[in-house]
Amino acid sequence: MDTSQYLELFIDETKEHLQSLNEHILELEKDPENADTINEIFRAAHTLKGMAGTMGFARMQRLTHDLENVFQEIRNGNMKANAKLVDILFRGLDALESYLEVISTTGGEGTEDNEDIINDLNEVIAEEKGTGGSADAEKAADKEASSQTAENAAGSAPLRERKYERIPVSEYEINSMNKAKEEGQNIFGITVYIQESCILKAARAFLVFKTMESRGELIKSLPTVEQIEDEEFEFDFSWILATKESKETVKQLIMNVSEIADVSIGEFQYDSQITPEEVKETEEEGKKKPAAEPSEPKKAVQTASKGKVASRSVRVDIDKLDVLMNLVSELIIAKNALVSVSSGGEGTDAGSGVNEGQNQAFHENIEYLERVTTNLHESVMKVRMVPIESVVNRFPRMIRDLNRKLGKKMELYMSGEDTELDRTVIDELGDPLMHLLRNSADHGLESNAERVRLGKPEVGSIFLDAYQDGNNVTIEVRDDGAGIDTEKVKRKALERGTITEQQAETMSDKDFIDLLFRPSFSTADQISDISGRGVGLDVVKTKIESLGGSIEAKSVKGEGSTFAIQLPLTLAIIQALMVEVGKEKYAIPLGNVDTIEDVLINEIKLVQSKEVIHLRGSVIPIIRMNEILEMEDYEKSGETESEIIVVVKKGDQRIGLAVDKLLGQQETVIKSIGHHITNAKLFSGATILGDGEVALILDTNTLI
């Protein structure tokens, strides 16, 4: 049997367990005697060991086994967690993550044995206990893990029930067992109980059979192997095994598979088996109710499963969701085409009552189609949405490591981890956020001595906050450090020739801060491997803007800095304002539109040869889109006394786009324009309109 079909499942689950270990070991460092934390770490290590063993990753299994041993000793009161141990544990986690990375790319775990970490773990045990005794620890760990998983399963009495005693056997199967006995093998009846929170029961059952296939022969299972593969069973299955292994070994091998709650095992008695008629009857019953006993308390089972949220979720490959999203996109394009046809033909046969009725029915059907496509789009988007927790949950560990590396005391405070974003955005978000956090730790926060001198708390604070704002998500990285020294930025910019003396005289503090986003611009006196090697915030800005977002920096000298990232909820389908420039149609993402103004021509003023308007106390520069898009002036019918200005925003900045005509709001499907357009920076993509025409989507961030 091939385990490769479960490799993706193994990778996903291992990532979750490693993240859990990271979080709990951070908690352990703060509270070394917290029994709940110690138990969680032990259970995660034990589960990882079983998963690695089942998949045949021996090196990974050995390392997790030694991690498990350490926590078994801590649980038994033989030793305590200290700073030295925590450092070794984090090294062990880094090694496990390296194994996982190799497994993800090659399918194998590589050749690194990590002997230094294993030796250090065993030395810690020896120092604390005065003896190496890892073999005793192994036995104790396995025994404890078995009892622990059994305790955690709902309802201990039914778990010990020997359901394998009800397996009916035929004459052929009895002959097979007799032959196995003659060869000195044991005939065991086994009932395996899977945890009720398990998502893929069939996968767990497969791993159990895979574990035992080289240790013995499967005589019969109830339900059948086919029924188990199709998940036609509850949370237990029974089987008869012929093996030379002992009962204890078989039980332990099965318990090493993750999410197994308990195993009942005993000698299978088949001499006084039921008659062939009863065999048939029991097999029929097995098909209807594979592993249920009438006396089993159904209510308890239902109550237990009802409270488990995990059992109501399912992992879906992102590629499959992309296919589904493309189908939704095509449906929206079809809907827009119908809307276009209906609006084009409206009122053509107003004199005919029949046609009026047909038109009304046509419009009603279009409205219905619009509701369905909108709901379908929202539903697919919800499936694609992932909490940003999956990105930010690794940052507390990173800040802890920077704490040690930089010799600065700092704490990371996070909020809004449950804020959701499209999976495609989430996958690209990790590196920019990591860079901003490292920047805050390295350049933002002062040294401990300097903070004390300034009357600040010795421990610096870094904040990571996320929240939804309309159709966008805002993520802020801020600190209570020294803030950005604009004078220093000014000096560096003048030294490098980034700006001239004349420009510097008219620039505001915000203008100087924005210089930090220029390519390779850095104020660091020394190049550091903490927050980059001169490839600084420009890389962050480029990445965020490639995701359709924007980034803005604010700072108060002596009080700290804030970097605010704004991202669209999705990159696939957006609401857009359709406009006309010349005779061409363009789409402006609605999330970027601040307001639409009908401005009198005499209200447009010139400041330093540039057009501006005064709008509710603000001066807003005007950009004529026909000039930006290099079009000829649009000949308007008659004299016009006003201009249509679409005011777009990027953070606190706003500009007005002069367009020729407003066409209304429309749901637009974003399609890539590839490399066909030379001035591609102006556009984030293209969309297909209802009449089949292609309209380019303006990236207004590049204009501000």
Side-chain heavy-atom pair Asp66, Ile125 within 4.5 angstrom cut-off: no
Given 3.5 Å as the limit, does a donor-acceptor pair link the side chain of Glu40 with the main chain of His24, or not? no
Do the side chain of Asn439 and the main chain of His435 share a donor and acceptor less than 3.5 angstrom apart? no
Which distance, rounded to the nearest 0.5 Å, do you find between the CD1 of Ile513 and the CD1 of Ile484? 4.5 Å
So, applying ring-ring contact (aromatic ring centres under 6.0 Å, His included) with Phe10, which one of Phe206, Phe57, Tyr99 is it? Phe57
Shortest non-hydrogen pair, Thr562 vs Arg478, comes out as OG1-CB, 3.4 Å
Is there a side-chain contact between Ile265 and Ile254 (heavy atoms, below 4.5 Å)? no
For Glu101, does the CD atom sit with more than 12 other heavy atoms under 6.0 Å from it, leaving out its own atoms? no
Can any side-chain N or O of Glu73 pair as donor or acceptor with the backbone N or O of Asn78 at less than 3.5 Å? no
How close do Asp485 and Lys557 get, heavy atom to heavy atom, and via which atoms? OD1-NZ, 4.0 Å
Salt bridge or not between Asp480 and Arg451? Use side-chain N to carboxylate O under 4.0 Å. yes
Exercise: identify the closest heavy-atom pair between Gln468 and Thr419: N-CG2, 4.1 Å
With the side chain counted from C-beta on, respond yes when Glu417 and Asn393 share a heavy-atom pair under 4.5 Å apart, and no when they do not. no
Salt bridge or not between Arg400 and Asp87? Use side-chain N to carboxylate O under 4.0 Å. yes
Under 4.5 Å between any side-chain heavy atoms of Asn256 and Lys49, yes or no? yes
Strictly distance-based, threshold 3.5 Å: is any side-chain N or O of Asn82 a donor or acceptor partner for the main-chain N or O of Lys84? yes
Non-hydrogen side-chain atoms of Asp120 and Arg91 separated by less than 4.5 Å: yes
Under the 3.5 angstrom rule, does the side chain of Glu109 hit a backbone N or O of Met60 as a donor-acceptor pair? yes
Does Asn39 use its side chain to pair, donor to acceptor, with the backbone of Ala35 at less than 3.5 Å? yes
Is the closest basic N to carboxylate O distance between Lys30 and Glu27 below 4.0 Å? no
Look only at the side chain of Lys456 and the backbone of Gly558, and say whether a donor-acceptor pair between them is shorter than 3.5 Å. yes
Pairing of Glu97 and Arg397 as salt bridge, 4.0 angstrom limit: no
Quick one: which of Leu21, Leu121, Val124 gives a side-chain contact (heavy atoms from CB on, under 4.5 Å) with Leu89? Leu121
Measuring from Glu29:CD to Leu26:CG, what's the distance to the nearest 0.5 Å? 6.5 Å
Does the side chain of Leu429 reach to within under 4.5 Å of the side chain of Ile475, using non-hydrogen atoms? yes
When you check the gap from the basic side-chain N to the acidic O, do Glu33 and Lys80 get nearer than 4.0 Å? yes
Sidechain N-carboxylate O distance under 4.0 Å for Arg75, Glu68: no
Between Asn448 (side chain) and Lys409 (backbone), is there a donor-acceptor pair under 3.5 Å? yes
At their closest point, which heavy atom of Lys408 faces which heavy atom of Ala441, and how far apart are they? NZ-O, 3.0 Å
Regarding Glu123 and Asn119, is there a side-chain donor-to-acceptor distance under 3.5 Å anywhere? no
Tell me whether Asn114 contacts the main-chain N or O of Ile117 through its side chain, where contact means a donor paired with an acceptor under 3.5 Å. no
Any Lys251 side-chain heavy atom under 4.5 Å of Asp262 side chain: yes
Residues forming a side chain to side chain contact (heavy atoms under 4.5 Å, CB included) with Gln566, sequence neighbours excluded: Asp469, Asn472, Thr474, Ser550
Going by distance alone, is a donor N or O of one side chain under 3.5 Å from an acceptor N or O of the other, for Gln252 and Glu248? no
Taking all non-hydrogen atoms of both residues into account, name the closest pair between Ser555 and Gly560 and its distance. OG-O, 3.4 Å
Value rounded to 0.5 Å, distance of CD1 in Ile399 from CG in Leu406: 9.0 Å
Checking the side chain of Thr211 only, and the main-chain atoms of Leu207 only, is there a donor and an acceptor separated by less than 3.5 Å? yes
Do Glu259 and Met51 touch side chain to side chain, with heavy atoms closer than 4.5 Å? no
Write down the atom of Asp422, the atom of Met385, and the distance for their closest heavy-atom approach. N-SD, 3.6 Å
